[in-house]
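Contents: one structure, followed by commentary.
Computed from a predicted structure; not experimentally measured. Atoms within a ligand are numbered from 1 in the order they appear, just like the ligands themselves.
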Amino acid sequence: MSQLLPTGCKAIDMLLGGGLHAGMISDVYGEGGSGKTQLCFTICGRNAKLFKRVKGIAIVFVDTSGTFRPERITEIAYDNGHEILDKILVIRTLSYMDQIRSIEKIVEIRPKLLIVDGIASLFTVNHHGIARHLTLMNHLHKLSLVAINLGCPVIITNMIRSRLSDSGAPTLIRSLEDSTRELMGTSLSIYTHMKLMLSIVQPNKQLFKAVIKQPRCDKHAYYTITKSGISDVSL
Ligand code: ATP
Ligand code: MG
């Protein structure tokens with residue numbers, strides 16, 4: 001059986017079949033404010049604590065949008081010590097080329113956990129149509145080799161696509177399902193083992209929903225966002 005790492009939220013661990021699987025890519029996508037980055041922080045904080053005794057860097061966090069907050073990680077981990085942050089290497093990428101180049105650093109570091117918050121957004125800046133898909137797929141192929149060769153779980157996050165289709169052409173949204181398609185989702189699906197879609201249920205009550213989209217099943221769970229990060233909720 002593959003090694004499992006916790007997300008920090010039991011309900012989400014259960015959706016993922018026990019937690020984050022070594023050697024696999026788990027894709028978390030959803031609308032803005034649904035908690036993708038907060039989930040990354042929760043995974044990071046909880047596991048940095050577990051890896052406290054591991055020598056050197058244990059987690060690589062690729063930040064494609066400049067939203068990494070170290071103080072939030074220590075808050076989630078209930079730990080003000082520098083040991084927690086010393087376990088994490090943040091790679092801030094400003095372009096899709098930076099993101100592609102980050103693979104070299106990751107292979108050198110050999111982390112036990114890899115998080116890429118915002119996998120596709122930088123690829124939409126310089127590329128259009130099929131070139132955009134091919135460049136992203138090539139990057140995902142390399143990430144999947146990292147997952148397999150290092151035997152580490154890889155978590156990526158992604159946005160919901162806008163009214164422009166993946167090819168850049170206007171598209172007609174016919175249903176809610178249609179409007180919640182992932183940005184370049186079909187290209188990512190080839191390399192992702194699990195897909196988790198996050199959505200906001202009640203913004204005022206901080207109630208959110210996670211649904212497993214891949215493998216296809218009807219499983220879902222609710223969560224909230226607190227001082228401790230993504231947390232279980234009792235309904
Ligand atoms: P985007 O697509 O814009 O990157 P996202 O899915 O990454 O959005 P997050 O930034 O993870 O969204 O989540 C934002 C939500 O987390 C907001 O609803 C905010 O209220 C909540 N949140 C952030 N920090 C805290 C905190 N310390 N305590 C409680 N809730 C928080
Ligand atoms: Mg975010």
Side-chain angles (χ1 to χ4, degrees), residues 6-9 11-13 15-16 20 25-49 59-80 84-85 88 90-94 96 98-99 102 113-125 136 154-164 166 176 179-185 188 192 194-213 220-234:
T7 61
C9 174
I12 292 181
D13 283 349
L15 285 183
L16 296 172
L20 301 164
I25 300 181
S26 303
D27 176 15
V28 179
Y29 72 96
E31 60 191 301
S34 58
K36 301 180 294 293
T37 298
Q38 292 299 316
L39 179 60
C40 291
F41 289 170
T42 312
I43 292 169
C44 211
R46 294 299 161 92
N47 286 286
K49 217 167 176 181
I59 302 170
V60 171
F61 191 111
V62 180
D63 177 13
T64 68
S65 58
T67 49
F68 185 82
R69 297 288 176 270
E71 66 279 11
R72 181 73 175 125
I73 304 288
T74 50
E75 180 183 42
I76 288 169
Y78 299 115
D79 198 316
N80 290 319
I84 289 285
L85 296 176
I88 306 161
V90 182
I91 303 178
R92 170 77 170 105
T93 56
L94 297 171
Y96 82 98
D98 280 353
Q99 205 173 321
S102 72
L113 174 63
L114 172 62
I115 298 167
V116 185
D117 189 17
I119 189 76
S121 45
L122 291 173
F123 286 82
T124 64
V125 179
L136 181 65
V154 177
I155 297 93
I156 62 173
T157 74
N158 197 9
M159 309 186 287
I160 299 287
R161 72 182 188 184
S162 68
R163 277 173 183 269
L164 288 182
D166 291 350
L176 184 67
S179 70
T180 54
R181 290 239 176 97
E182 185 187 4
L183 178 71
M184 292 192 273
L188 292 172
T192 51
M194 299 241 177
K195 271 182 189 279
L196 198 61
M197 190 183 92
L198 307 185
S199 58
I200 303 166
V201 179
Q202 288 178 334
N204 54 340
K205 291 192 177 164
Q206 293 272 65
L207 183 66
F208 303 86
K209 186 180 180 183
V211 182
I212 282 282
K213 291 286 186 181
H220 66 269
Y222 292 93
Y223 60 92
T224 187
I225 306 175
T226 67
K227 214 168 159 269
S228 324
I230 299 281
S231 309
D232 288 290
V233 61
S234 47

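- Remark: the backbone N or O of G118 is paired with a side-chain donor or acceptor of T157 at under 3.5 angstrom.
- Note that CD of Q206 and OG1 of T226 are 9.0 Å apart. Values are rounded to the nearest 0.5 Å.
- Applying the side chain to side chain contact (heavy atoms under 4.5 Å, CB included) rule to A120 yields the partners L136, N158, L183, M184; only residues at least two apart in sequence or on another chain are considered.
- For the residue pair Y29 and S34, no side-chain donor N or O sits within less than 3.5 Å of a side-chain acceptor on the partner.
- Protein atoms of type N/O/S that fall under 2.8 Å from the Mg ion (ligand 2) number 1 in this view.
- A salt bridge does not link E182 with K213: none of the charged nitrogens is closer than 4.0 Å to a carboxylate oxygen.
- The aromatic rings of F68 and F41 lie perpendicular to each other, with more than 60° between the two planes, well past the 30° mark.
- Using modelled atom types, no side-chain atom of T42 and backbone atom of C40 make a donor-acceptor pair closer than 3.5 Å.
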Exercise answer, ligand 1 polar atom pairs (N/O) under 3.5 angstrom:
residue  : atom   : partner : partner atom : Å
ligand 1 : 2 (O)  : K36     : NZ           : 2.7
ligand 1 : 6 (O)  : S34     : N            : 3.3
ligand 1 : 6 (O)  : G35     : N            : 3.1
ligand 1 : 6 (O)  : K36     : N            : 3.0
ligand 1 : 6 (O)  : K36     : NZ           : 2.8
ligand 1 : 7 (O)  : T37     : N            : 3.0
ligand 1 : 7 (O)  : T37     : OG1          : 2.9
ligand 1 : 8 (O)  : G33     : N            : 2.8
ligand 1 : 11 (O) : K36     : N            : 3.4
ligand 1 : 11 (O) : T37     : N            : 3.0
ligand 1 : 11 (O) : Q38     : N            : 2.8
ligand 1 : 12 (O) : G33     : N            : 3.4
ligand 1 : 12 (O) : G35     : N            : 3.3
ligand 1 : 27 (N) : R72     : NH1          : 3.4
ligand 1 : 30 (N) : Q206    : NE2          : 3.0

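- With rounding to the nearest 0.5 angstrom, the SG atom of C44 is 14.0 Å from the NZ atom of K49.
- Applying the salt bridge (Lys or Arg N to Asp or Glu O under 4.0 Å) definition to pairs two or more places apart or across chains, those involving residues 59-76 are R72-E75.
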